Amino acid sequence: MATSVDKVMVEASTGGSRFLRACLRQPVDCTPVWFLRQAGRYMPEYQAVRRAHSLLEICKSPELAAEVTITAAEKLDVDAAIIFADLLLPLEPLGLDFEFLAGEGPVVHRPIRSAADIRKLRTDRTGDLGYVAEAIRRAEKHFGDRKGMIGFCGAPFTLASYMIEGGGSRNYIETKRLMYSDPAAWQALMQKLQTVLAEYVAQQVEAGADVIQIFDSWAGALSVTDYREYVLPITQSLVQQVQVLGVPVIYFGVDTATLLPSMRETGADVIGLDWRIPLDVGRRAVGERCAVQGNLDPIVLFAPEPLLRARVEEVLRQAAGQPGHIFNVGHGIVPGTPVENVQRVVRWVREISAQISEEAVQPETRQLAHASAPRRA
Ligand code: CP3
């Protein structure tokens, strides 16, 4: 009985349902696939829009942001689309000015360094970010059930690191200095971020986001002790606040092999794995309750076809056809990546994962046939 119900589900499955089912660790017909930074600078259509508009102009125009999101997802034929936006957008309503400098990445003009700076941050202007929700509304209307719609925000730690360091960082000295020397100010900052981020993602869910991904990209800079003391509790609360809205949460970080058991304690439905840890090892570390997303090295997308295919198959073999895997890269696609290789990966993921689940089902089917034979006789 269960098999025939599943068969109906499988026949009716769309990219969107496949992606959502995998987030919830339910069986799927083949492994859903999408890519971190799938709409970025490696794509000629994005470059064309970018020649006419700055990054922030694209983010703040629901029409352009939706267009860039839709073009990439359709061209790649992926199962889910992440809304085109940037992690740093919430800094503006908090009261911090920033810009993206060519070749240097983001720069925050007056980074925060003290309890007094943190007191000045405003949490009452999150409505200003409504353009992201509006872009989601448009993209969602275009995709319908065909593709999952992913909203996102930065995690409190990763966002705080930009606000305090003033940009990207190697050693996070100022962030850790504040954390260690003024835990009350750190706590106040985390709480303000939680307030703003919870409201921001609620707008996105309201607008039609099916899933929220929380990027804690730089959490891997923390020891297990510091992660647990300064970051885990607030992240846990944020995850719960999103889940109350009725959508699954994907929680992602880079260089997190030692943090995975603690990251699982956030309660996220899915944990994003980078490529440094074999998928099966990562999966054991996050345990039964979580799905996993990942984890092809994005630079393998530059490799010759046979090697690329072998690495895709390796990830899928490590996932072993078990429910609760979303195929992705272990970190964002980088500029210069050949688009055809990304498209090839999508085709291979469908083909190889369907084959792996068939291999897993076959011995069982044979057993069933064998068991039912004497009854018929
Ligand atoms: O598919 C997509 O491309 C989705 C859109 C997206 C962007 N930023 C657009 C963008 C997403 C999901 C992000 C998230 C983001 N932004 C993160 C977390 C993801 C991660 O990589 O871990 C972080 C850390 C940022 C902050 C940020 N924005 C940095 C560090 C940079 C410069 C470095 C870089 O990779 O380019 C940006 C700029 C940025 N955000 C670009 C894009 C397409 C490239 C710049 C441009 O187009 O001018």
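Ligands are counted one by one from 1 in listed order, and the atoms in each one are counted from 1 as well. It should be emphasised that the depicted structure is a prediction, and the values quoted were computed from it without experimental measurement.
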Heavy-atom nearest neighbour in the protein, as seen from [atom], with distance rounded to 0.1 Å:
| atom | value |
| --- | --- |
| atom 33 (C) of ligand 1 | Arg41 NH2, 4.4 Å |
| atom 2 (C) of ligand 1 | Arg37 CA, 3.4 Å |
| atom 5 (C) of ligand 1 | Ala85 O, 3.4 Å |
| atom 41 (C) of ligand 1 | Leu55 CD2, 3.9 Å |
| atom 46 (C) of ligand 1 | Arg50 NE, 3.3 Å |
| atom 26 (C) of ligand 1 | Asp86 OD2, 3.6 Å |
| atom 23 (C) of ligand 1 | Leu87 CD2, 3.4 Å |

Heavy atoms only, cut-off 4.0 Å: how does [X] contact ligand 1, side chain, backbone, both, or neither?
| X | result |
| --- | --- |
| Cys59 | neither |
| Ile82 | side chain |
| Phe152 | side chain |

In terms of atom number and element, which parts of ligand 1 are under 4.0 angstrom from non-hydrogen atoms of His331? 20 (C), 21 (O), 22 (O)
In plain terms, say whether Glu265 and Arg228 are close enough for a salt bridge, that is, a side-chain N and a carboxylate O under 4.0 Å apart. yes
Short N-O contact, Asp79 and Arg21, less than 4.0 angstrom: no
Return yes or no for this condition: an N or O of Tyr162 is under 3.5 Å from an N or O of ligand 1. no
Considering Ser54, Gly105, Gly40, Pro106, which one's heavy-atom position lies nearest to atom 29 (C) of ligand 1? Pro106
